[in-house]
Amino acid sequence: MSEQITKQVQAFYDRLMKDYDVNNNYSGIDGERVAKRLTAVAELGMTEEGGCRRISFSQEEKRAKELVKQWMEEDGLAVTVDGAGNVFGRVEGQVDGPAIMSGSHLDSVMHGGHFDGPLGVISALEVASAWKNTDEKPSIPFEVVVFTDEEGARFNGGLLGSQSVVGELDLEEEKRRVDFNGKRFEDVLADVDLTPEGFIEAKRDLSQVKAFVEVHIEQGKQLEKRNLPVGVVTGIAGPTWLKVTFKGIAGHAGNTPMNDRTDALVAASEFVTNVKDFPVQVSDSGVATVGKLEVEPNGVNVIPGEVTLTVDIRDIKEEWKSEITRRVKEYAQTVSEQHGTVVEVEESMNVSPVQVPAKMQQKAGEAVQETLGLDPFYLPSGAGHDAMILGRYVPMAMLFTQSFDGVSHNPKEWSSLNDCVQTIHVLKRFVEKIGEES
């Protein structure tokens, strides 16, 4: 490890502890232990710039999983690893039966931060550690989980571990993938002692999972604006991706009069400018983003003949997302006709959103009130998570921790230790409330 990275690791820990309020240490939960664990995981992937590079199926991700397994064993959890490399640490309950599962992932994007994923894993483990510290036992079994490859940075996919658990993984599709170095899926897996077949064998009997709860950083600013440490998620938005192509006529920029042009970029520009207006016409949670644009022939002195762009549409209810998508498609036709162009719209992705059951939202909100004395704040998740996959099969909930300046997937990603620990208190009470109803 270079001297610069050693300094970054120490700086990370020091920043966590700098303003920590030890009054948050109660009910067996220990903020310093949380800080040490977050730092130890951060070290396995720390870059000289202070960010994180711990991509899926890397040695760094593997070592991070081994470290969490060690902590699980030290806290008395029964540890198992499935064929997808998912790690489970189980605490037996006062009575047997389906388990409450909680956790997240340890892999990162290429140049990410240190909270996206690890906070969810360490939060779930801290609940188990707290029970051990206070000689308590949960009402029903509790499992801490570390999912493999949530981010998908290796193969431009993601959520492989959780898809394997529910039996959704399309193995043949995954086998066709190659990573950023041109290395085949099977060969990459072999480097970390995994096989493609293991991902199929990882399917769980979901009748033995009572609920799944995931802690995650918000990756937005709503909690920060309200000075709240934690929020209750109402649903996870599913994306629809549209590929929109406007076709005009390329021509000489100097010799074609303005009144005799069919400029694809002018049409596309009007479309891009107004796409933002459609989500708010339908719901408070919908979004639409034009994130990629290609101009042909892309010359300084050539009227653009063809423009291809992408629209990413998301909402937490299928009917809302479908209505936004319908309006965007209809508007593309309208703009094209007004400018004399031809437009083609292709739907390249459509993932269904997942709602958090009302009963789970209610219990999470009660946990916020009972532990922190705050009125719960409810908000949607615009990003996908492992909870989205589990939520199709078992009752699911998410708790969001405040993100500094809303930054995520970036070395500047940050959540204060106070906010993290307060979220863990809510998680612990929430899990206990789910168990109490059994």
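For the single chain, residues carry numbers from 1 onward in sequence order.
The cationic atom of R204 (NZ for Lys, CZ for Arg) lies less than 6.0 Å from the six-membered ring centre of F88 and within 45° of the ring axis.
At a cut-off of 3.5 Å, with distance as the only test, no side-chain donor of S123 or R37 sits close to an acceptor on the other residue. Under 3.5 Å, the side chains of S322 and E318 contain a donor-acceptor pair of N or O atoms. For the residue pair T245 and T308, a side-chain donor N or O sits within less than 3.5 Å of a side-chain acceptor on the partner. Side chain to side chain, E347 and N350 meet the donor-acceptor criterion of an N or O pair below 3.5 Å. Defined by atom type and a distance below 3.5 Å, a donor-acceptor pair is present between the side-chain atoms of E366 and Q362. Remark: the Y13 side chain and the E43 side chain contain no N/O donor-acceptor pair separated by less than 3.5 Å. Side-chain contact check for T262 and T341: no donor-acceptor pair (N or O, by modelled atom type) lies under 3.5 Å.
At distances below 3.5 Å, not a single donor-acceptor pair connects side-chain atoms of H114 with backbone N or O atoms of V41. Formation of a donor-acceptor pair under 3.5 Å by the S408 side chain with backbone atoms of E413 is not found in this model. At least one donor-acceptor pair under 3.5 Å links the side chain of D107 to the backbone N or O of E150. At distances below 3.5 Å, not a single donor-acceptor pair connects side-chain atoms of S104 with backbone N or O atoms of G120. The backbone N or O of D405 sits less than 3.5 Å from a side-chain atom of E224, completing a donor-acceptor pair. In this structure, the side chain of E306 does not engage the main chain of A264 through any donor-acceptor pair within 3.5 Å.
A centroid separation of 6.0 Å or more is found between the aromatic rings of F142 and F212.
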Chi angles and distances behind the salt bridge (charged side-chain N to carboxylate O under 4.0 Å, His left out) call for E126, R33: CA-CA 8 Å; E126 184 61 23; R33 179 171 56 225; 2.6 Å; yes
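In this pair, H385 and F400 present their aromatic rings perpendicular. The plane angle is above 60°, beyond the 30 to 60° band.
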